[in-house]
Amino acid sequence: MAGYLASEDVTATIERGAATAPVLKPTPKKPTPSGKRGGFLRSSNGKKAVMAVTGAAMVLFLILHMLGNLKIFLGKDSFNEYAEALRTLLEPLAPYRTVLTILEAGLVVAVVLHMWAAISLARRAHHARPVKYVAKKSQAKGYTTHIMRWGGLTIVLFLVWHLLDLSFGVVNPKGYDSAPADRMIAGFDLSRWWVTLFYVVAVVMVGLHLRHGIWSMFQTLGWATRFKALRPVAALVSAVLVIGFLAPPLAVTFGVIK
Amino acid sequence: MNLTLKVWRQSGPSAPGKMATYRVEDVSPDMSFLEMLDVLNERLILSGDDPVAFDHDCREGICGMCGMVINGVAHGEQRATTTCQLHMRHFEDGATITIEPWRAAPFPVVKDLVVDRSAFDRIIQAGGFVSVPAGSAPDAHSIPVRKEDADDAFDAATCIGCGACVAACPNGSASLFTAAKITHLSLLPQGQPERLTRAKAMVDQMDAEGFGGCTNTGECTAVCPKGIPLDTIAQMNSDYLKANAK
């Protein structure tokens, strides 16, 4: 084990220069955060766990969202009925849009916590290497791990546009007071090909994010050792989500759905 | 072989460092990387210059003392090899080689390529003790251990604590080191009594030292001279979460 534990400064010298570095006095033990209140969320592993759990919630949401989108292939009415059904879940037990609003609030919390954990860990990583390497070569296989932070940022920017376009209708030709299917079909019209292009780029980015993220989630929660096929499964789930999300807008843009 | 070396020179912990360029001629391809640096240092001494300080001890790849980032890769591009076991035959004649110290805030540079890895010692110390009878040696078969567990524990225990994982990690995380030390005890019956408290204390100490968090990039295991698997990190995470749930 590397360490410099001699009690006084010693320098081994060879002729005109020191061949070995001066031996340092042992540095005092740094205090640990354990025992303090909130220690778990302040620890790097705690933040990782928050990242994993919120990520898992968002992946479940994405799967349901994708299945809902695919209803457009069953016709505009089917899609509009699905959108209405989301708002009338558990009616009449719960008032209109109660369940949906609760789910939406949960998603907002998940997004915020996920970003908090990511930013906090990125800052920690930044402090851990104040002097950068002159030369640094990646040795691990897989490019997806290197785009998690920028990919996340791309997804957030997309999310803002996506909500303005299809949820609030602010930047949608049909506006807010329109049927969801009409907003989708007008939004991805061939004349707005750049919207479709932005959508494709963002969804592919989500897929790459998840390819690392889904596996990473199991690793963080300590379950990765039990499921050896996790990496291929993560890639498969990501691919299915990308195809499922790209099918409706591309079908609209290329005139399959009118 | 004739080589051009670009070496990080830093005269002391608080001095600013910079890359210096040296020519080394007549290097034998059979030399180890450290022997090549010995040749450089002899010439530097003869010409009245300060030799390049670097850590080394056994030069057999088992002590964990040596280590430098060679051409952007901890211990060089040869897989599962420490710097002392890296030979010059893996380099082209006339090549330019950049040599840098491990770069991480918890590993302050002492001089040139020597970094202070005492942070690792403090993580080990935080782990505390293992409850085993310390009298006469017990019979080897007195505590049965599953073969798979024994193998995995041994794989983790091969960690020599060189610090390459920290050097390679884009986050400057010590997760692979800490996970290896936690795992080699947590898989064995002898490590069970203090298993969770040990995991929590060691991970908390790792954080306190200022290491970054793990983002599962796998850079650490790719450069690890002992090939410690990423599974150990999953084991550490599992133990840490269980310790916090209690």
Side-chain angles (χ1 to χ4, degrees), chain A residues 1-5 14-22 24 26-27 29-34 39-40 42-49 120-122 124-142 145-146 148 212 215-216 218-226, chain B residues 19 41 44-45 48-51 53 55 64-65 69 71-73 98 100 103-106 110-111 114 116-118 120-122 124 126 161 163 168 170-173 200-201 203-205 207-219 222-223 230-231 233-235 237-238 240-241 244:
Chain A
M1 184 56 50
Y4 302 88
L5 297 169
I14 297 175
E15 297 285 303
R16 272 156 287 184
T20 50
L24 297 182
T27 35
K29 187 171 174 175
K30 294 180 188 174
T32 66
S34 59
F40 179 68
R42 238 178 283 158
S43 75
S44 59
N45 275 37
K47 284 170 185 160
K48 289 290 298 170
S120 158
L121 283 166
R124 194 179 170 82
H126 181 74
H127 291 309
R129 179 156 299 137
V131 184
K132 303 285 175 245
Y133 285 105
V134 175
K136 183 77 170 71
K137 240 185 262 173
S138 171
Q139 293 295 293
K141 293 190 195 85
T145 58
H146 302 286
M148 292 307 276
H212 177 68
W215 171 77
S216 198
F218 284 91
Q219 173 81 359
T220 297
L221 295 177
W223 300 337
T225 47
R226 269 177 259 167
Chain B
M19 299 299 280
N41 277 349
L44 286 176
I45 291 166
D49 285 338
D50 202 20
D55 257 334
M65 201 62 193
V69 174
N71 285 339
V73 182
T98 59
E100 297 174 74
R103 294 198 191 279
V110 177
K111 192 180 179 196
V114 178
D116 180 358
R117 287 166 286 183
S118 307
F120 271 10
D121 295 337
R122 289 188 292 270
I124 295 283
N171 306 308
S173 172
K200 177 153 172 50
V203 170
D204 285 344
Q205 186 63 36
D207 278 348
E209 296 291 344
F211 290 105
C214 175
T215 53
N216 307 319
T217 65
E219 295 287 346
V223 300
L230 275 187
D231 281 0
I233 297 183
Q235 184 69 50
N237 293 339
S238 171
Y240 184 77
L241 292 176
N244 274 285

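Reckoned from all heavy atoms, side chains included, excluding hydrogens, waters and symmetry mates. Everything numeric here is computed off the predicted structure, so don't read it as measured data. Naming: A, B, ... by sequence-line order, numbering from 1 per chain.
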(Q) Is A:K132 close to chain B through its backbone or its side chain, or both, or neither, when contacts mean heavy atoms under 4.5 Å? (A)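 Contact with chain B: backbone only.
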Q | Contact class of A:H212 relative to chain B, heavy atoms under 4.5 angstrom | A |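 Only the side chain of A:H212 comes within 4.5 Å of chain B.
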(Q) Is a donor from one side chain sitting under 3.5 angstrom from an acceptor on the other, for A:S44 and B:D207? (A)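 A donor-acceptor contact under 3.5 Å links the two side chains.
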Q.
Tell me which of these, B:N216, B:L44, B:I233, B:L230, has more heavy-atom pairs under 4.5 Å with chain A than the rest.
A.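 Of the options given, most contacts go to B:N216.
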Q. B:V203, B:T98, B:V69: which one forms the most heavy-atom pairs within less than 4.5 Å of chain A?
A.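 When all of B:V203, B:T98, B:V69 are compared, B:V69 has the most.
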Q) Counting N and O atoms only, with roles assigned by atom type, does the side chain of A:Y133 sit under 3.5 Å from a partner on the main chain of B:E100, one being a donor and the other an acceptor? A)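 No; judged by distance alone, with no hydrogens or angles, the pair does not exist.
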Q) Do the side chain of B:R103 and the main chain of A:R129 share a donor and acceptor less than 3.5 angstrom apart? A)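 Looks like no, no N/O pair under 3.5 Å.
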Q) Once you round to the nearest 0.5 Å, how far does CG of B:N237 lie from CD of A:Q219? A)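 Going from the CG atom of B:N237 to the CD atom of A:Q219 covers 6.5 Å.
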Q) Going from CZ on B:F211 to NE2 on A:H127, what distance comes out if it is rounded to the nearest 0.5 angstrom? A)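 It is 16.0 Å, given to the nearest 0.5 Å.
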Q.
Is B:E219 in contact with chain A via its backbone, its side chain, both, or neither, using a 4.5 Å heavy-atom distance?
A.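 For B:E219, heavy atoms of backbone and side chain both lie under 4.5 Å from chain A.
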**Q.** Side chain, backbone, both or neither of B:D231 within contact of chain A (heavy atoms, under 4.5 Å)
**A.**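 Contact with chain A involves both backbone and side-chain atoms of B:D231.
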Of all the heavy-atom pairs spanning [X] and [Y], show the shortest one and how long it is.
X      : Y      : answer
B:P106 : A:A128 : CD-O, 4.0 Å
A:Q139 : B:V73  : NE2-CG2, 3.3 Å
A:P130 : B:A104 : CD-C, 4.5 Å

(Q) Heavy-atom pairs under 4.5 Å with chain B - which of A:V131, A:L221, A:L121 has more of them than the others? (A)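 With the most close heavy-atom pairs to chain B, the winner is A:V131.
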Q: Decide yes or no for B:T215 and A:T145: does some side-chain heavy atom of the first lie under 4.5 Å from some side-chain heavy atom of the second?
A: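 SC-SC contact between B:T215 and A:T145 ruled out.
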Q: Mind running side chain to side chain contact (heavy atoms under 4.5 Å, CB included) on B:L241 and A:F40 for me, showing each step along the way?
A: CA-CA 9 Å; B:L241 292 176; A:F40 179 68; 3.7 Å; yes
